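Treat the numbers as computed from the prediction; the structure is a model and nothing was measured. When a ligand or atom number is given, it counts from 1 through the structure's own listing order. All values below were derived from every heavy atom in this structure, side-chain atoms included, with hydrogens, water molecules and symmetry-related copies excluded.
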Amino acid sequence: NATNDVTAFGTGVFGERKRFEAQAFDGMFRLFDETRGDGVVTFDNTTGTNLDVVSINKMFTDGSAVDAHANAQITYDYYQDTFGRNSVDDNGQILISAVHVGDNWNNASWNGRQMSYGDGDGIRFHPLAAGLDVAAHEMTHGVIQHTANLIYRNESGALNESFADIFGVMVDRDDWLIGEAIMADGTIGLRSMEDPTDLIERRTQAPYPDHWSRRYTGTLDNGGVHINSSINNKAAYLVSEGGEHFDVTVNGVGREKTEQIYYRALTLYLTRSSDFSMMREAAIQAAGDLYGSNSDAVAAVEQAYDAVGVY
Ligand SMILES: CC(C)[C@H](Cc1cn(Cc2ccc(C(=O)O)cc2)nn1)C(=O)N[C@@H](CCCCN)C(=O)O
Ligand SMILES: [Zn+2]
């Protein structure tokens, strides 16, 4: 309740000072923010489940916990402010983040109920909680689960992954890269939406695809959900920023219209089994609803999907 809400402080993984809502209880402080929906809570997986990260004073020193908590709040605010959505279920569902999961785990995930962050091995990844786009990626899996609930396999799974990346870069608004803050090996990021082929995908050891003709058709990674997501990622980038791609010119309409188009497509038109072709139609429909059927936005969507070979 309001009486326990306090403003606390902390230092993130890379030493940045942060300020955020937390809670006072029994003379201690914990990373439980009751000002957002039914709460934003962060706990340390090494001290056992559901034991909130606590501090004897208002200064939190666990970098992963500070970053995971602050990033969950930023992502909650993005969905509330941009789309009027109250958490993953649009009903204030509590946002739970667990940090220090696994043993130097090189990953982060959404398990249907909570976000989990590994510390990384310091060779490939820094602690993954430090990535705002990572938190937004994981929370978006929760949004997807409560909306189109795209099946996590083949093309619908690639769309699931692409939406997680799209809103990952929309929350972490400064670039079109996923994971740029957490790479320990000198690469520019894990995935690039601007030019997917800039980066080599780990399982296939091939560049991420930027056209449907280059899609992965094997069975690894649930049929390439983290691979073929780059085809839709490139399309979304082109809708926003425009550009010339495989001799197709796209006139971009900017991030503000792009995020609205994709959110409307995700929440109103896509279903569990939607494929890339249905993604194209859903985005055209959403753009038409929002900006008019003869709008630049509709034209940008058609051009973008032409450019990546999806009809
Ligand atoms: C969000 C992003 C930072 C994160 C990055 C990630 C990490 N990994 C594992 C991984 C591990 C090692 C390497 C290496 O090159 O050595 C690369 C990748 N695969 N993807 C990611 O994409 N996680 C998956 C986790 C999926 C878990 C199963 N549902 C997701 O959320 O979709
Ligand atoms: Zn994902």
Validate the cation-pi geometry between Lys18 and Phe9: distance from NZ or CZ to the six-membered ring centre under 6.0 Å, angle to the ring axis within 45°. no

With the Zn ion (ligand 2) at the centre, find the angle made by NE2 from His137 and OE1 from Glu161, to 10°. 90°

Can you check whether Glu161 has an N/O within less than 3.5 Å of an N/O in ligand 1? yes

What protein heavy atom lies closest to atom 11 (C) of ligand 1? Include the residue and the distance to one decimal. Asn106 O, 3.5 Å

Less than 3.5 Å between some nitrogen or oxygen of Asn107 and one of ligand 1, yes or no? yes

Axial cation check for Trp176 ring with Arg191, 6.0 Å and 45° limits: no

Hydrophobic clustering (ILVMFWY, side-chain heavy atoms < 4.5 Å, transitive) - are Ile284 and Tyr305 grouped together? yes

Under a 4.0 Å heavy-atom limit, does Leu190 contact ligand 1 with its side chain, its backbone, both, or neither? side chain

Arg203 with Asp221: basic N within carboxylate O range, under 4.0 Å: yes

Just jot down the ligand 1 atoms closer than 4.0 angstrom to any heavy atom of Arg191, in number order. 2 (C), 22 (O)

Is the shortest N/O to N/O distance between Ser109 and ligand 1 below 3.5 Å? no

Heavy-atom protein neighbour under 4.0 angstrom from atom 28 (C) of ligand 1: no

Taking 4.0 Å as the limit for heavy-atom contacts, which would you say applies to Met115 with ligand 1: side chain only, backbone only, both, or neither? neither

Using a 4.0 Å heavy-atom cut-off, say whether Trp110 meets ligand 1 through its side chain, its backbone, both or neither. neither

Using a 4.0 Å cut-off to any heavy atom of His226, which atoms of ligand 1 qualify? 22 (O), 24 (C), 30 (C), 32 (O)

For ligand 1, which atoms, with element, lie under 4.0 Å from some heavy atom of Ala108? 23 (N), 24 (C), 25 (C), 31 (O)

Does Asp296, at its CG atom, have more than 12 non-hydrogen atoms belonging to other residues, nucleotides or ligands within less than 6.0 Å? no

Is the NZ or CZ atom of Arg30 both under 6.0 Å from the centre of the six-membered ring of Phe25 and within 45° of that ring's axis? yes

Would you call the rings of Phe167 and Tyr78 parallel, tilted or perpendicular, where under 30° means parallel and over 60° means perpendicular? tilted

Residues Asp33, Arg36: salt bridge by 4.0 Å N-O rule: yes

Judged by modelled atom types alone, do Glu161 and His141 share a side-chain donor-acceptor pair under 3.5 Å? yes

Quick one: look up the protein heavy atom nearest atom 15 (O) of ligand 1 and list residue, atom name and how far away it is. Arg124 NE, 2.6 Å

Which residue and atom name correspond to the protein heavy atom nearest atom 18 (C) of ligand 1, and how close is it? Arg202 NE, 3.2 Å

Suppose we measure from atom 1 (C) of ligand 1 to each protein heavy atom; which comes out shortest, and what is that distance? Glu138 OE2, 3.3 Å

Quick one: report the N, O or S atom of His141 that is nearest to the Zn ion (ligand 2). NE2

Does the distance from a Lys or Arg side-chain N to an Asp or Glu carboxylate O, for Glu259 and Arg264, drop under 4.0 Å? no

Numbered atoms of ligand 1 (with element) below 4.0 Å of Val134, judged on heavy atoms: 3 (C)

